[in-house]
Amino acid sequence: MSDPRDAPEPQVLLEWYDRHARDMPWRVGPSDRARGVRPDPYRVWMSEIMLQQTTVAAVKSYFEAFTNRWPTVSDLAKAEDADVMAAWAGLGYYARARNLLKCARVVHTEYGGVFPETYDALIALPGIGPYTAAAVASIAFDRPETVLDGNVERVMARLYDDHTPLPAAKPKLMDYASALTPEDRPGCYAQAVMDLGATICTPRNPACGLCPWRSACRAWTAGTARDLPKKTPKKRKPTRFGIAYIARRVDGALLLETRPDSGLLGGMLGWPGSDWNDAPEEAPPIHAEWRSIDEEARHTFTHFHLRLTVKTALVPMDRTPERGRFFAVETFDPAMLPTVMRKAFNLVSKP
DNA sequence: AAACCGTGGTC
DNA sequence: TGACCAAGGTT
């Protein structure tokens, strides 16, 4: 092995990107960009919000659905909250959907439906943090801002063989990334580093043999690429228990509740239920004869496992619920529910 | 500033 | 089965 005397050249990565850029619905590829085609900032922003901690594969169908239904930021600004939350159902991190709508309304009312172009203006908007502000500024407006996401962190940690564990390493990794960000084609460059991280410099088995930056990579020289970046160990997830109540009225209507805006599954529809803890207390939303389903619904959230006991009841037309409201059969679709609630429903409706 | 906030795929 | 991971942001 020789010393990596080469410095990583942004230009080398851009040439790689020109040949290997991934094709995605929200992206304007390098050849179209060269012809002067600019991406739609609304679509860039939408994709970046959806892609936060979420895979490209999971995002694609949601991106199509949202941009078809709400083609511009002003269309989205005028949407009903419940419609946006229902359309987001299943994608997770539901605060993103609430902030998406807030942001659209600010851009519509305070910016006349035109996205601001600077990092500082973008980061002031709801749901836009350091990464997304840099991503929109660079990708949509070709400003030389530096994106630091999980991909870039990994690429930089390896390029400079930095063994500092994350998240403490972030400032240093940002310095590395920032020093590399070019004035020329910063939008393509931002996407190029992330594509490199997603397709070549991958977490488990990096394809160093195909990497355009291999000769400049200190981890390649040291043989440490697979072990980087280091991360501080995570806490084990506790298990919590809960009870969900699925009431079906004799006309087929189902009793649902809109959850409070803050906290877990905030703003989403769900079955009324108990708190989720070590030993939940009964909390039926309407007087009825409740029967437990044999199987429980299991689901894992970001920081705990949930085992949900599902109870069902058939209730007469004239009975008023203490919590929630009935949805007629025609207006109910399991797709409007977050995944954990869909799992509970499947236990009742399938067998 | 550490904790909170979803989900589906993979090994 | 379980831990890890994915284009992070907010409090």
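Every chain is numbered from 1 and lettered A, B, ... according to where its sequence line falls, protein lines coming before strand lines. What you see is a predicted model; the values in this text were computed from it and never measured.
Between A/Arg259 and A/Glu257 there is no salt bridge, since none of the side-chain N atoms of the basic residue sits less than 4.0 Å from a carboxylate O of the acidic one. Salt bridge status for A/Lys172 with A/Asp175: absent, with no side-chain N to carboxylate O gap under 4.0 Å.
For the residue pair A/Thr118/A/Asp120, the side-chain donor-acceptor check at 3.5 Å is not satisfied. Checking A/Asp75 against A/Thr72 by side-chain atom types alone, a donor-acceptor pair falls below 3.5 Å.
DNA chain C lies under 4.0 Å from at least one heavy atom of each of the following residues of residues 129-155 of chain A: A/Gly129, A/Pro130, A/Tyr131, A/Thr132, A/Asp149, A/Gly150, A/Asn151, A/Arg154. Near DNA chain C, meaning a heavy atom under 4.0 Å from it, residues 40-51 of chain A has A/Glu48, A/Leu51 in order of number. Listed in residue order, the members of residues 84-111 of chain A having a heavy atom less than 4.0 Å from DNA chain B are A/Gly90, A/Leu91, A/Gly92, A/Tyr93, A/Tyr94.
Smallest separation of non-hydrogen atoms from A/Leu255 and A/Pro285: CD2-CG, 3.8 Å. Nearest approach of A/Thr258 to A/Gly267, heavy atoms of both residues: CG2-O, 4.0 Å. Summarising the geometry of A/Trp70 relative to A/Tyr42, their closest heavy-atom pair is O-OH, 2.6 Å, with the distance given to 0.1 Å.
When atom types are taken as modelled, the side chain of A/Arg96 and the backbone of A/Leu91 share a donor-acceptor pair closer than 3.5 angstrom.
As a whole-Å value, the separation of A/Arg27 CZ from C/dA7 P is 12 Å. The CZ atom of A/Arg307 sits 15 Å away from the C1' atom of C/dG2 (whole-angstrom rounding). Protein atom NE2 of A/His303 is 14 Å distant from nucleotide atom C1' of C/dT10, rounded to whole Å. We find that CG of A/Asn205 is positioned 14 Å from C1' of C/dC5, with the value rounded to whole Å. Atom pair A/Lys237:NZ and C/dT1:C1' shows a separation of 13 Å (rounding to whole Å applied). Taking atom CZ of residue A/Arg204 and atom P of nucleotide C/dC4, one finds them 11 Å apart after rounding to whole Å. Separating the CD atom of A/Gln52 from the C1' atom of C/dA7 is a distance of 8 Å, rounded to the nearest angstrom. Atom CZ in A/Arg236 sits about 15 Å away from atom C1' in C/dC4, given to the nearest Å.
Annotation: A/Asn68, atom CG; neighbour count of heavy atoms from other residues, nucleotides and ligands within 6.0 Å is above 12.
Rounded to the nearest Å, the gap between the P atom of B/dT10 and that of C/dA7 is 15 Å.
For A/Phe301 and A/His299, the ring centers sit closer than 6.0 Å to each other.
Nucleic acid contact class of A/Lys235 (heavy atoms, under 4.0 Å, all strands): sugar-phosphate only. Looking at heavy-atom distances under 4.0 Å, A/Met24 makes contact with a base. Residue A/Arg298 is out of contact with every strand shown, counting any heavy-atom pair closer than 4.0 Å. Counting any heavy atom pair closer than 4.0 Å across all strands shown, A/Thr302 reaches a base atom.
Contact check, A/Gln53 against C/dG8: a side-chain N or O comes under 4.0 Å of OP1 or OP2.
Contacts between chain A and DNA chain B, taken as any atom within less than 4.0 angstrom of a protein heavy atom, begin and end at B/dA3 to B/dC11.
Residues passing the side-chain contact (heavy atoms from CB on, under 4.5 Å) test with A/Thr132 are A/Glu48, A/Ile49, A/Gln52, A/Ile128, A/Val136, sequence neighbours excluded.
Put simply, CG on A/Leu159 and CZ on A/Arg214 are 13.0 Å apart, with the number rounded to the nearest 0.5 Å.
Both the sub-6.0 Å distance and the 45° axial angle are satisfied by A/Arg325 relative to the ring of A/Phe327.
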Below 3.5 Å, can you tabulate the donor-acceptor pairs from side chains in residues 193-206 of chain A to any protein atom, sequence neighbours excluded?
from, atom 1, to, atom 2, distance (Å)
A/Asp195, OD1, A/Arg22, NE, 3.1
A/Asp195, OD1, A/Arg22, NH2, 2.9
A/Asp195, OD1, A/Arg27, NH2, 3.0
A/Asp195, OD2, A/Arg22, N, 3.0
A/Asp195, OD2, A/Arg27, NH1, 2.9
A/Thr199, OG1, A/Asp195, O, 2.8
A/Thr202, OG1, A/Asn205, O, 3.4

